[in-house]
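For reference, the structure discussed in these notes is given below.
Nothing here was measured: the structure is a model prediction, and the numbers come from that model. Positions are given from 1, in the same order as the sequence printed here. These numbers come from the heavy atoms of this one structure, side chains and all, not from hydrogens, waters or symmetry mates.
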Amino acid sequence: MIKNVRFLFAIMLCIANMIIYGLKVNVSTAIIGMVKAKPKTDVPDVGECDFGSSANTTVADIDGPYDWSSTQQGLVVSIYFAGYLIGMFPSGYFADRFNTKWVLLICVFCNSLFTLLVPVAAGSLYVLYALRFLTGLVSAANLPIVNVLVGKWVVYEEKSMWVGIIYAGTSLGTVISILTSGWILNYLGWEMIFYIHGVLPLIWCVVFAIFFADNPETQKYITEEERQLLINTYGHRGPVSTKVKIPWKSIFTSTPFLALIVTNCLGNFCWYFLLTQMPLYMNKMLRFDIKTNSTITCTPYLINAFTNSALGKGLDYGRRRGWWSQTGARKVAVGISCLPVVVFLLIIAYIGCNREVTVFLLCLSIITSGAIFVGHLCNQNDLAPNYAGILMGITNTPGTISAFVLPALVGALVESGHTFMQWRYVFWINIVAQLLAFGVFTIFGSAKIQNWNYPGGVPPAPPSAESK
């Protein structure tokens with residue numbers, strides 16, 4: 001038997017997040033090398049700032065094989081999120097009603113396969129659109145599955161810490177993807193980004209299929225002591241939960257849940273904006289070459305992987321000491337993800353060509369906005385562990401709107417050239433969204449398990465460890 005199987009399971013979930021998020025963002029870097037460079041006389045596209053020869057801007061543009069407009073480039077990135085949006089609710093339902101292990105395996109395997117097909121599909125723009133859409137469709141299962149498995153494999157008293165570690169994979173995957181994409185693009189060409197990134201996840205699929213089960217009740221390689229610890233934890237989600245009738249009316253009349261829908265929709269704006277558009281902004285407005293671009297862009301995600309884990313551990317510690325409730329912990333995390341980035345984006349929008357300050361504030365924006373993963377993106381499991389997948393499917397459907405809209409919007413705005421005025425509109429959209437998200441969750445949000453989580457709406461008597 002293996003000790004601390006829950007630790008190993010959390011690491012496997014962390015790696016799964018690394019894979020899904022890594023394959024989600026590599027195209028944002030790869031596309032810089034896929035499209036033809038604009039003529040050097042096209043002043044608007046080479047930016048409004050003159051950084052001089054010392055800034056190494058002479059190699060910022062790469063001449064790729066495809067003559068795609070800015071709008072078409074934006075759609076290549078954003079159509080992934082159209083599939084992600086459409087697939088979110090069905091995948092959340094499947095994650096709750098079926099064996100979660102196999103749903104996750106299908107999700108990762110299809111991501112790997114579709115990534116390998118990108119260089120072939122790129123010959124036809126509409127075939128590439130279709131492939132990117134399908135990739136987003138199968139990727140939609142990722143977050144609902146993680147929420148379901150957290151309810152099965154994480155001890156209540158350790159929830160924020162383990163959620164921070166599991167979701168650190170989203171940042172680490174982004175780091176590895178952006179950094180390696182820049183290096184591979186520079187030395188091997190854009191096609192190899194998709195070939196290399198597409199093969200490696202297959203190793204994870206084999207290990208997960210052989211050694212891990214859907215829940216601790218059926219896990220083979222686990223001590224009986226650890227199995228009982230997990231099964232008896234407060235709010236544990238057992239195998240029978242897949243057969244429990246879904247209380248749709250109670251769900252859609254629950255104030256905390258409705259607040260979560262709004263928070264998920266608006267609170268994701270800045271994260272997805274930075275995730276999909278920062279490489280483009282760094283290249284076109286700040287004129288960084290691809291190697292420097294990828295290195296700078298990935299640095300805050302690496303930091304975020306550790307700050308989120310530390311934040312989760314700190315929130316658990318404060319709750320155990322009675323400094324705040326679980327609800328208070330979630331509101332602190334939502335505040336961290338929303339308020340600092342408002343200030344940072346406001347400054348960036350108006351300082352123009354100040355390269356050093358802009359880079360510093362963009363990095364801080366990613367680090368702070370990443371708190372969404374220990375804030376509203378794990379709140380579904382707080383409210384109802386038995387329906388965490390379905391709740392994630394519902395809330396993250398509108399939560400994906402920003403990821404679909406923002407790349408296309410940026411592409412349309414800069415069709416005639418990249419200017420600070422055009423980018424400023426997008427910054428303001430993000431600022432307003434973050435402020436509204438914080439206000440709604442602060443007033444109406446909760447992290448208390450709702451009565452409708454339990455069959456018949458009757459909760460068991462909570463242990464003393466539970467904070468209301």
Side-chain angles (χ1 to χ4, degrees), residues 9 12-13 15-17 19-21 23-24 80-115 131-154 163 166-167 169-170 201 204-205 208-209 212-219 236-252 257 260-261 264 377-401 403-404 452-453 455:
F9 201 94
M12 291 299 288
L13 289 183
I15 296 173
N17 280 333
I19 293 169
I20 301 300
Y21 265 72
L23 300 184
K24 179 185 296 187
Y80 170 101
F81 296 100
Y84 196 73
L85 185 151
I86 293 172
M88 186 58 62
F89 176 73
S91 64
Y93 182 84
F94 292 147
D96 259 330
R97 302 293 98 180
F98 296 95
N99 186 300
T100 318
K101 168 187 173 178
W102 294 108
V103 179
L104 181 57
L105 269 170
I106 292 170
C107 173
V108 174
F109 177 78
C110 288
N111 262 270
S112 177
L113 176 63
F114 293 161
T115 299
L131 184 65
R132 290 282 297 160
F133 178 86
L134 288 174
T135 307
L137 193 68
V138 298
S139 299
N142 180 46
L143 291 183
I145 289 170
V146 169
N147 264 277
V148 171
L149 292 175
V150 164
K152 295 177 179 180
W153 284 93
V154 173
V163 164
I166 290 169
Y167 279 121
T170 63
W204 179 94
C205 291
F208 193 70
F212 294 92
D214 174 67
N215 53 68
E217 286 87 342
T218 58
Q219 173 69 28
H236 173 69
R237 177 189 171 118
V240 72
S241 62
T242 59
K243 298 179 174 60
V244 176
K245 184 179 178 181
I246 303 170
W248 294 111
K249 181 179 179 181
S250 296
I251 290 174
F252 283 103
F257 179 68
L260 181 57
I261 293 177
N264 215 335
L377 284 183
C378 65
N379 189 229
Q380 296 84 354
N381 192 272
D382 294 326
L383 297 178
N386 285 333
Y387 309 107
I390 290 174
L391 299 193
M392 176 58 82
I394 297 170
T395 57
N396 217 34
T397 297
T400 309
I401 290 175
F404 173 64
W452 43 265
N453 173 69

Exercise for the section: Please check if atom CZ in Phe133 has more than 12 non-hydrogen atoms from other residues, nucleotides or ligands closer than 6.0 Å. Expected result: yes
Completion exercise
Residue set satisfying ring-ring contact (aromatic ring centres under 6.0 Å, His included) with Tyr21, at least two apart, ordered chain then number -> none
Exercise for the section: Using modelled atom types only, decide if a donor and an acceptor are shared between the side chain of Trp153 and the backbone of Asp214 within a distance under 3.5 Å. Expected result: yes
Completion exercise
Distance col, row Arg132:CZ vs Phe114:CZ, nearest 0.5 angstrom, shows 12.5 Å
Practice task
Enter the distance from Trp102:CH2 to Ile145:CD1 here, rounded to the nearest 0.5 Å.
Solution key: 13.0 Å
Handout entry: Within 6.0 Å of OH in Tyr93, more than 12 heavy atoms from elsewhere
Key = no
Practice task
Decide whether a cation-pi geometry holds between Lys24 and Tyr84; the criteria are a distance under 6.0 Å from NZ or CZ to the six-membered ring centre and an angle within 45° of the ring axis.
Solution key: yes
Problem - Approximate separation, where rounding is to 0.5 Å, of Leu85 CG and Leu137 CG - result: 10.5 Å
Exercise for the section: Measure across Gly92 and Pro144 and return the closest heavy-atom pair with its distance rounded to 0.1 Å. Expected result: CA-CB, 3.6 Å
Problem - Validation row: Thr397, Ile261 side chains within 4.5 angstrom (heavy atoms) - result: no
Problem - Whether Ser91 side chain and Ala140 backbone form a donor-acceptor pair below 3.5 Å - result: yes
Problem - Step-by-step side-chain contact (heavy atoms from CB on, under 4.5 Å) determination, Val138 to Phe109 - result: CA-CA 9 Å; Val138 298; Phe109 177 78; over 6 Å; no
Problem - Leu391 CG to Phe89 CZ distance, which is reported to the nearest 0.5 Å - result: 10.0 Å
Exercise for the section: Going by the side chain to side chain contact (heavy atoms under 4.5 Å, CB included) test, name the single residue among Asn381, Leu13, Asn215 that passes it with Leu149. Expected result: Leu13
Exercise for the section: Run the numbers on Trp248 and Ile390 for side-chain contact (heavy atoms from CB on, under 4.5 Å), then give the verdict. Expected result: CA-CA 10 Å; Trp248 294 111; Ile390 290 174; 3.9 Å; yes
Completion exercise
Here the gap from Ile15 atom CD1 to Ile20 atom CD1, rounded to the nearest 0.5 Å, amounts to 12.5 Å
Problem - Any donor-acceptor N/O pair, Lys101 side chain to Ala209 backbone, under 3.5 Å - result: yes
Completion exercise
All heavy atoms of Met392 vs all of Gln380, minimum pair found to be CE-OE1, 3.5 Å
Exercise for the section: Could you check Val154 against Val163 for side-chain contact (heavy atoms from CB on, under 4.5 Å), going step by step and ending with a plain yes or no? Expected result: CA-CA 8 Å; Val154 173; Val163 164; 5.7 Å; no
Exercise for the section: Mind checking side-chain hydrogen bond (donor to acceptor under 3.5 Å, both in side chains) for Ser139 and listing every partner two or more places apart, or none if nothing turns up? Expected result: Tyr80, Asn111
Exercise for the section: Taking the side chain as every heavy atom from C-beta outward, state whether Pro247 and Tyr387 have any atom pair closer than 4.5 Å. Expected result: yes
Problem - Side-chain (Asn17) to main-chain (Ile166) donor-acceptor, under 3.5 angstrom - result: yes
Handout entry: Verdict with reasoning, Ile394 to Phe252, per side-chain contact (heavy atoms from CB on, under 4.5 Å)
Key = CA-CA 10 Å; Ile394 297 170; Phe252 283 103; 3.7 Å; yes
Handout entry: Donor-acceptor contact below 3.5 Å, side chain Asn147 vs main chain Leu143
Key = yes
Exercise for the section: Could you grab the distance from atom CG of Asp382 to atom CG of Asn453, nearest 0.5 Å is fine? Expected result: 11.0 Å
Problem - Backbone N/O of Ile251 and side chain of Trp452: donor-acceptor pair under 3.5 Å - result: no
